[in-house]
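See below for the structure under consideration.
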Amino acid sequence: MLISREFFARPSVEVAPDLLGRVLEHETADGVVAVELTEVEAYAGRSDPASHAYRGKTQRNAVMFGPPGHAYVYFTYGMHFCVNMVCLGEEGSASAVLLRAGAITAGEDLARARRTRSENRLAPRDLARGPARLCQALAIDRSQDGADVCVASSPLRMLGAAGNPARSGTVLARGDDPPRPPRRILTGPRVGVSSAAEIPWRFWYDGDPTVSVYRPHVPRRPKLVTP
DNA sequence: ATGAAGATTGCCT
DNA sequence: GGCAATCTTCATG
């Protein structure tokens, strides 16, 4: 079941905890990989010093200023991609939710192949444990920037989870997972942000092994040049 | 034009 | 726990 655009047309702080347990699916020529979200972070946009949208609209963050239900993908540290879901706060607020981690629910072999660097076999919990790892497992890059996740024809789409309220009471088809019991959601400071670090806008499933480890922001030392 | 910092990760000691 | 990798974006001169 596809998630509606109205779902995303709320402040990101409301959307973020609601995204836990939802499934992001990406279909490419190689196949489908899906991830059930276990950790997210809300960014408020223009009013949030930690948001990429804080200083206004640029070429990079333009999608965040557009309609909700689209993917904002950015490139960082010269090698990593991270994906957000655009939400709606106040008009033009450019709020979004960063997808930080999840559990692979489909296409595990393909996800592992994309994530594998060395000979070591990655454990399932490590396939999408962290925002850049999640993108790598799903093969998300800047070409998915602006993708609409609310239409069935999109290669990148957001689905409701098995056992979510919309499906309770329906007869499960053979092979479907049974509904799961509700899970406790914890909240705390966002990972690696230098400003507004005290605001608890990170949400995750208590005790879930796929949730990334918390790290406070640490400024990197300037490159040292010795003549 | 130039430089510093970054919503991170993996490998090293 | 420390640090390098790697490059885009943004701010400043």
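Using a 4.0 Å cut-off between a side-chain N of Lys or Arg and a carboxylate O of Asp or Glu, Arg157(A) and Glu27(A) qualify as a salt bridge. Salt bridge Asp126(A)/Arg115(A): absent, no basic N to carboxylate O contact under 4.0 Å.
dT6(C) sits 23 Å from dT2(B) when the P atoms are compared, rounded to a whole Å.
Distance OH (Tyr74(A)) to P (dG6(B)): 12 Å, rounded to an integer number of Å. In this structure, CZ of Arg100(A) is placed 11 Å from C1' of dT9(B), rounded to the nearest angstrom. Glu41(A) has its CD atom 15 Å from the P atom of dG6(B), to the nearest Å. Spacing between atom CG of Leu127(A) and atom P of dG10(B) amounts to 11 Å, rounded to whole angstrom units. Rounded to whole Å, the distance from CG on Asp145(A) to C1' on dT8(C) is 14 Å. Taking atom CG of residue Asp141(A) and atom C1' of nucleotide dC7(C), one finds them 15 Å apart after rounding to whole Å. For the pair Arg129(A) CZ and dT8(B) P, the computed distance is 15 Å after rounding to whole Å. The distance between atom CG of Asp126(A) and atom P of dT8(B), rounded to the nearest whole Å, is 17 Å.
Between the side chain of Ser51(A) and the backbone N or O of Ala44(A), no donor-acceptor pair lies under 3.5 Å.
For Arg60(A), the listed nucleotide lying nearest its side chain is dT9(C); candidates were dG6(B), dT9(C), dG10(B). Considering only side-chain atoms of His217(A), the nucleotide from dA7(B), dT8(B), dG6(B) that sits closest is dG6(B). The side chain of Arg133(A) has dG10(B) as its nearest neighbour among dT8(B), dG10(B), dA7(B).
Within the 4.0 angstrom heavy-atom criterion, no nucleotide atom of any strand lies near Arg202(A). If you check every strand for non-hydrogen atoms under 4.0 Å, Ala50(A) touches a base.
Looking at His52(A), its side chain comes within 3.5 Å of the base of dA7(B) through a donor and an acceptor atom. Side-chain atoms of Arg220(A) and base atoms of dT6(C) include a donor and an acceptor less than 3.5 Å apart. Donor-acceptor pairing under 3.5 Å, judged by distance alone, is absent between the side chain of Arg117(A) and the base of dG10(B).
Nearest-nucleotide mapping onto DNA chain C: of Met79(A) and Arg142(A), the residue sitting toward the 5' end is Met79(A). Ranked by how close their nearest DNA chain B nucleotide is to the 5' end, Val191(A) and Ser118(A) are led by Val191(A).
With a 6.0 Å radius and a threshold of 12 heavy atoms from other residues, nucleotides or ligands, Phe75(A) has its CZ atom above the threshold. Within a 6.0 Å sphere centred on CZ of Arg55(A), other residues, nucleotides and ligands contribute 12 heavy atoms or fewer.
The partner of dC11(B) is dG2(C), judged by Watson-Crick or G-U wobble contacts that both fall below 3.5 Å.
Distances shown here put a side-chain N or O of Ser194(A) below 4.0 Å from the OP1 or OP2 atom of dG6(B). Close to dG10(B), at under 4.0 Å from its OP1 or OP2, lies a side-chain N or O of Arg115(A). Within the structure, every side-chain polar atom (N or O) of Thr76(A) is placed at least 4.0 Å from both OP1 and OP2 of dT8(C).
In this pair, Tyr77(A) lays its aromatic ring flat on the base of dG6(B), centres within 5.5 Å and planes under 30 degrees apart.
In this structure, Gln136(A) CD and Thr116(A) OG1 are separated by 9.0 Å, a value rounded to the nearest 0.5 Å.
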